[in-house]
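Input: a single structure, listed below in structure tokens.
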Amino acid sequence: NFLHDATVVFVLGGPASGKGTQCPKIVENFGFTYISAGDLLKAEVKSGCEVGIVIQNFIKEGKIVPSEVTLRLIEKAMQQSENKKFIIDGFPRNEENRVAFENIMKIEPALVLFFDCPEEELTRRMLNRNQGRIDDNIETIPKRLKVYFESTLPVIHHYSSKGKVRKIDAGRSIDEVFEDVKRVFLQLEC
Ligand code: UP5
Ligand code: MG
């Protein structure tokens, strides 16, 4: 596996905490390849393949797609890139995702960027976004938040205990958040 020496940064945080807004700025400024787990899954749905229907149901319910599906897409995207520096947005979302990534990819993340944002602000942003996402609605939003608190926070705590988490106050303006993000990447020499 030629990806063994890849540098991986996981970007985690609640739904609408700003992961997809900040990641392209990291790509522009620091030369990482951007991999969004959610976007890869949604592309599968769009492609109309059989597993797409299953994925769509998970997303609509705010549930986490099993890692055998997500990880296959992430691995493919990483292999297709010439780059060896990756930011992975929205994955691993639970302990099962995390363990599968570490066991199969044999990569430990260099860092975990954690966008910490108050719940009311997350809800406000999801309701304001209005981009036709099947999961930005009053039925799915509480489910996404619950899954985040119950399943994703433990992943963040795991990496926190290993000293890998860089917590960012994501409740501020886009530019203010990126100032802090920049500081994290300037420290990460690779
Ligand atoms: N916005 C952004 N930053 C702002 C700021 N600082 N101030 C004010 N507004 C700000 O931003 C969300 C909205 O807020 C936008 O309108 C933006 O302009 C504004 P965005 O950058 O899109 O936030 P992001 O954190 O990317 O939010 P997203 O909704 O994409 O997060 P999710 O984690 O919910 O979505 P994702 O696409 O990762 O996953 C969707 C679903 O896919 C999951 O619920 C799950 O069912 C499934 N999934 C898996 O099962 N496994 C995976 O590994 C990944 C996804
Ligand atoms: Mg996103």
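In each ligand, atom 1 is the first atom listed, and ligand 1 is the first ligand listed. One is the number of the first residue; the rest follow in order along the sequence.
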Worksheet item: Does K167 count as lying over the ring of F114, i.e. NZ or CZ under 6.0 Å from the six-ring centre, within 45 degrees of the axis?
Response: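 So K167 doesn't make the cation-pi contact.
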What atoms in ligand 1 come closer than 4.0 Å to a heavy atom of [X]?
X	result
K42	37 (O)
T70	53 (O)
R144	29 (O), 32 (P), 34 (O)

Proximal candidate to [atom] [heavy atom criterion; set [options]]:
atom	options	value
atom 17 (C) of ligand 1	I64, T21, I74	T21
atom 44 (O) of ligand 1	E61, R124, E176, R93	R93
atom 1 (N) of ligand 1	K19, R125, Q56	R125
atom 29 (O) of ligand 1	Q131, R129, M126	R129
atom 50 (O) of ligand 1	V69, V65, V45	V65

Discussion item. Heavy-atom contact check, 4.0 Å cutoff: does G13 meet ligand 1?
Written reply: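 It does not; every heavy atom stays at 4.0 Å or beyond.
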Worksheet entry | R133 to ligand 1, any heavy atom closer than 4.0 Å |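 Right, R133 reaches ligand 1.
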Answer with side chain, backbone, both or neither: which part of [X] has a heavy atom less than 4.0 angstrom from an atom of ligand 1?
X	value
D135	side chain
S173	backbone
I174	both
V147	neither
R172	backbone

Discussion item. Whether the E176 and S173 side chains hold a donor-acceptor pair (N or O, under 3.5 Å, no angle test) is what I'd like checked.
Written reply: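 The answer is yes; a qualifying pair exists.
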Worksheet item: Does the side chain of E150 reach to within under 4.5 Å of the side chain of N94, using non-hydrogen atoms?
Response: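 No, their side chains stay 4.5 Å or more apart.
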Worksheet item: Quick one: does T33's side chain get under 4.5 Å of K85's, heavy atoms only?
Response: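 Sidechains of K85 and T33: no contact.
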Worksheet item: Between N97, V65, I104, which is the residue that forms a side-chain contact (heavy atoms from CB on, under 4.5 Å) with L71?
Response: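 For L71, the side-chain contact (heavy atoms from CB on, under 4.5 Å) test succeeds with only one of N97, V65, I104, which is I104.
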Worksheet item: Side-chain heavy atoms under 4.5 angstrom apart, residues restricted to Ile, Leu, Val, Met, Phe, Trp, Tyr: same cluster for L111 and I26?
Response: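 Yes, it is one cluster - the side chains of L111 and I26 are joined through contacts under 4.5 Å.
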Fill in: Salt bridge flag under 4.0 Å for residues R72 and E44
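E44 and R72: salt-bridged.
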Worksheet item: Testing F185, F86, F10 for ring pair (Phe, Tyr, Trp, His ring centres under 6.0 Å) with F32, which one passes?
Response: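 Exactly one pass, corresponding to F185.
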Worksheet item: After noting the C-alpha distance and the side-chain angles of D135 and T140, does the key distance pass the side-chain hydrogen bond (donor to acceptor under 3.5 Å, both in side chains) rule?
Response: CA-CA 5 Å; D135 53 352; T140 313; over 6 Å; no
